[in-house]
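The structure appears right after this line, and notes come after that.
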Amino acid sequence: MLKWSSLLLSAALLAAPLSGCSRFLYPQLSAQEDGAASGAVLNRVKTRGRLSCGVSGNLPGFSYVTQQGKYNGLDVDICRAIAAAMFDDPQAVDFRNLNAKERFTALQAGEIDVLSRNTTWTISRDTSIGLEFAPTVLVLRAK
């Protein structure tokens with residue numbers, strides 16, 4: 001129960017950037033237009049009925065594909081939590097493996113809705129690229 005509660009809380013925190021990612025997708029927009037474009041992105045995801053989530057797919061513990069073709073890991077769980085919050089279905093998510101070079105291009109082009117993978121939060125990515133970062137996720141090993 002605690003795991004699902006944590007996932008749903010994470011989903012709530014991470015779903016918010018879906019409504020704010022238009023600044024990256026459409027940097028020329030005014031604040032008012034940005035809000036409208038944000039709604040358009042969120043509406044597109046809702047209309048599609050599935051979340052498109054970019055992950056590494058190659059990083060055990062965060063996102064990896066099993067021999068049976070199933071995605072596992074923390075980044076995958078975050079995507080599933082967002083899908084559960086949006087659609088009441090943690091399986092309503094499509095994963096796309098992206099390397100470090102592809103990840104921002106895919107997000108900017110609208111090929112993915114959310115990027116859930118190791119990415120450094122920098123001021124230049126906030127300003128020149130215009131990414132909207134959700135809260136940082138860090139996993140610590142208990143002693």
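Since this is a predicted model, take the numbers as computed values, not measurements. Residue numbers count from 1 along this sequence.
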Worksheet item: Who pairs with F87 by ring-ring contact (aromatic ring centres under 6.0 Å, His included), at least two apart in sequence or on another chain?
Response: none
With rounding to the nearest 0.5 Å, note down the distance linking [atom1] in [X] to [atom2] in [Y].
X	Y	atom1	atom2	result
S116	I82	OG	CD1	6.5 Å
C79	L74	SG	CG	9.5 Å
I112	T105	CD1	OG1	10.0 Å

Worksheet, complete the sentence: Across all chains, not counting sequence neighbours, the side-chain contact (heavy atoms from CB on, under 4.5 Å) partners of T119 are R103, F104, L115, R117, R125, F133
Side chains of residues 48-59: which donor-acceptor partners sit under 3.5 Å, not counting sequence neighbours?
unit_1: R48; atom_1: NH1; unit_2: R50; atom_2: O; d: 3.0
unit_1: R48; atom_1: NH1; unit_2: D113; atom_2: OD2; d: 2.7
unit_1: R48; atom_1: NH2; unit_2: D113; atom_2: OD1; d: 3.3
unit_1: R50; atom_1: NE; unit_2: D94; atom_2: OD1; d: 3.0
unit_1: R50; atom_1: NE; unit_2: D94; atom_2: OD2; d: 3.1
unit_1: R50; atom_1: NH2; unit_2: Q91; atom_2: O; d: 3.2
unit_1: R50; atom_1: NH2; unit_2: V93; atom_2: O; d: 3.0
unit_1: R50; atom_1: NH2; unit_2: D94; atom_2: OD1; d: 2.9
unit_1: S52; atom_1: OG; unit_2: E111; atom_2: O; d: 3.2
unit_1: S56; atom_1: OG; unit_2: N58; atom_2: N; d: 3.3

Fill in: For the student: nearest non-hydrogen atoms of Y64 and G73, plus distance
CE2-N, 4.2 Å
Worksheet item: Are more than 12 heavy atoms from other residues, nucleotides or ligands located less than 6.0 Å from atom CG of N99?
Response: yes
Worksheet item: Heavy-atom distance under 4.5 Å between the side chains of M86 and L42, does that happen here?
Response: yes
